[in-house]
Amino acid sequence: MSKKIAVVAANGRAAQKIISEAVERGLDVTAFGRHENNTQAANYVQKDVFDLTKTDLQGFDAVVDAVGTWELTNLYVIPKATTYLADLLKGTDTRLLVVGGAGSLYVNPEHTSTLELQPDFPDAYKPVSATHGSALAILRATKDVKWTYVSPAADFQADGQKTGKYLLGGEEFMLNDRQQSVISYADYAVAMIDEIEKGNHVQQRISVVEA
């Protein structure tokens with residue numbers, strides 16, 4: 001039986017790729033977004049994330065939190081949305097999968113230093129990276145939600161091609177055989193749907209990079 005999934009903030013570019021991948025595989029997808037439907041989902045609910053209710057999210061195998069922004073004045077919505085969705089799903093069997101950031105990945109085995117703390121990490125990315133990190137910290141402190149936080153590679157390419165291949169990692173920053181940390185939104189979507197269909201990284205952060 002195909003999985004039934006919801007994607008929140010569905011009109012974002014990463015969300016659209018996740019929805020396309022899910023539809024392509026025959027999953028039952030419901031998209032939630034603030035504006036008109038720009039996705040491939042046949043089932044669409046025009047609703048702000050903070051207006052969603054427990055009833056809205058009942059019956060799904062997984063909910064994807066794709067809330068994101070680069071606007072400095074709106075960054076607070078990223079951890080706020082994660083907190084809100086986690087609260088709605090507490091005590092249920094519905095998984096919460098969060099489209100995360102790369103900056104919080106560890107760069108040493110002791111897990112004391114992260115990518116965003118490195119000297120060459122771009123200043124322009126630091127605010128959004130820190131905000132995504134806050135969402136991860138919120139999830140780590142949440143015990144009764146089946147969450148999975150999915151970090152992309154450092155170079156997260158909106159228009160990159162779909163290869164269908166990726167390397168799956170955990171908490172630590174990793175490079176592929178070409179010494180690159182890169183993944184397209186399309187391949188990230190493949191990894192996200194793979195995790196929903198057959199992964200079991202509950203209450204864990206995973207990371208993905210192009211193979």
Side-chain angles (χ1 to χ4, degrees), residues 1-49 51-52 56-71 77-78 81-82 85 88-89 94-102 128 132 135 146-169 176 180-201 205-211:
M1 194 170 77
S2 69
K3 297 281 188 180
K4 186 177 181 183
I5 73 168
V7 179
V8 179
N11 289 311
R13 289 189 295 178
Q16 288 188 40
K17 295 290 187 184
I18 291 166
I19 291 167
S20 296
E21 182 67 26
V23 169
E24 192 176 304
R25 297 198 203 180
L27 274 64
D28 182 348
V29 185
T30 299
F32 292 92
R34 287 188 298 164
H35 308 297
E36 291 183 4
N37 186 13
N38 291 318
T39 78
Q40 291 184 25
N43 302 319
Y44 186 82
V45 179
Q46 190 169 344
K47 207 168 192 182
D48 185 88
V49 56
D51 292 328
L52 295 176
D56 287 321
L57 300 183
Q58 269 181 353
F60 291 104
D61 295 296
V63 173
V64 177
D65 171 9
V67 174
T69 181
W70 283 92
E71 295 179 15
V77 303
I78 295 173
T82 300
L85 293 171
L88 292 181
L89 296 176
T94 302
R95 294 182 63 184
L96 174 63
L97 294 100
V98 178
V99 177
V128 70
H132 277 292
K146 294 184 174 181
W147 63 266
T148 304
Y149 184 96
V150 187
S151 284
D155 185 3
F156 197 18
Q157 299 183 339
D159 300 318
Q161 68 176 3
K162 177 180 175 180
T163 70
K165 300 175 182 177
Y166 62 90
L167 303 175
L168 181 64
N176 60 21
Q180 296 173 326
S181 174
V182 60
I183 196 162
S184 66
Y185 281 29
D187 281 341
Y188 178 91
V190 172
M192 176 68 80
I193 300 303
D194 280 352
E195 176 62 25
I196 290 172
E197 286 198 309
K198 58 194 178 190
N200 191 33
H201 297 92
R205 185 254 290 276
I206 58 176
S207 54
V208 291
V209 64
E210 180 185 288

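Along the sequence shown, the residues carry numbers beginning at 1.
- The side chain to side chain contact (heavy atoms under 4.5 Å, CB included) test with M192 is passed by exactly one of I206, V150, V7: V150.
- Environment of NZ in K165: sparse, with no more than 12 heavy atoms of neighbouring residues, nucleotides or ligands closer than 6.0 Å.
- With rounding to the nearest 0.5 Å, the separation of CD in E210 from CG in L167 is 9.0 Å.
- Closest approach of D187 and G164 over heavy atoms only: OD1-N, 2.8 Å.
- Remark: Q180 pairs with N176, R178, V182 by the side chain to side chain contact (heavy atoms under 4.5 Å, CB included) rule, at least two apart or across chains.
- Closest approach of A15 and A66 over heavy atoms only: CB-CB, 3.7 Å.
- Residue E195 holds its CD atom at 5.0 Å from OG1 of T148, rounded to the nearest 0.5 Å.
- Residues Y149 and W147 approach most closely at N-CE3, 3.7 Å, considering heavy atoms.
- Note: F60 CZ to I196 CD1 = 11.5 Å, rounded to the nearest 0.5 Å.
- Remark: S20 engages Q40 in a side chain to side chain contact (heavy atoms under 4.5 Å, CB included) (not counting sequence neighbours).
- Note that CG of N37 is 9.0 Å distant from CD of Q46, once rounded to the nearest 0.5 Å.
- Considering all non-hydrogen atoms of both residues, S181 and A154 come closest at OG-N, 2.8 Å.
- The closest side-chain heavy-atom distance from V208 to L168 is below 4.5 Å.
- Under the rule for a side chain to side chain contact (heavy atoms under 4.5 Å, CB included), the partners of A189 that lie at least two apart in sequence or sit in another chain are K17, I18, E21.
- Applying the side chain to side chain contact (heavy atoms under 4.5 Å, CB included) test to D194 and every residue at least two apart in sequence or in another chain returns R25, Y166, V190, K198.
- Between T82 and V67 there is no side-chain heavy-atom pair separated by less than 4.5 Å.
- In this structure, Y185 OH and Q16 CD are separated by 11.0 Å, a value rounded to the nearest 0.5 Å.
- Each of L57, D56, V49 was evaluated against L88; a single residue qualifies, L57, per the side chain to side chain contact (heavy atoms under 4.5 Å, CB included) test.
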Show which side-chain atoms of residues 27-36 pair as donor or acceptor with protein atoms under 3.5 Å away, not counting sequence neighbours.
none

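- Screening residues 2-12 for side-chain hydrogen bond (donor to acceptor under 3.5 Å, both in side chains), with sequence neighbours left out, gives N11-Y44.
- The structure places OG1 of T94 at 11.5 Å from CG of L85, a figure rounded to the nearest 0.5 Å.
- When all heavy atoms are compared, the tightest approach of A81 to D65 is C-OD2, 4.2 Å.
- Scanning all heavy atoms of the two residues, the minimum distance from I183 to P152 falls at CG2-CB, 4.2 Å.
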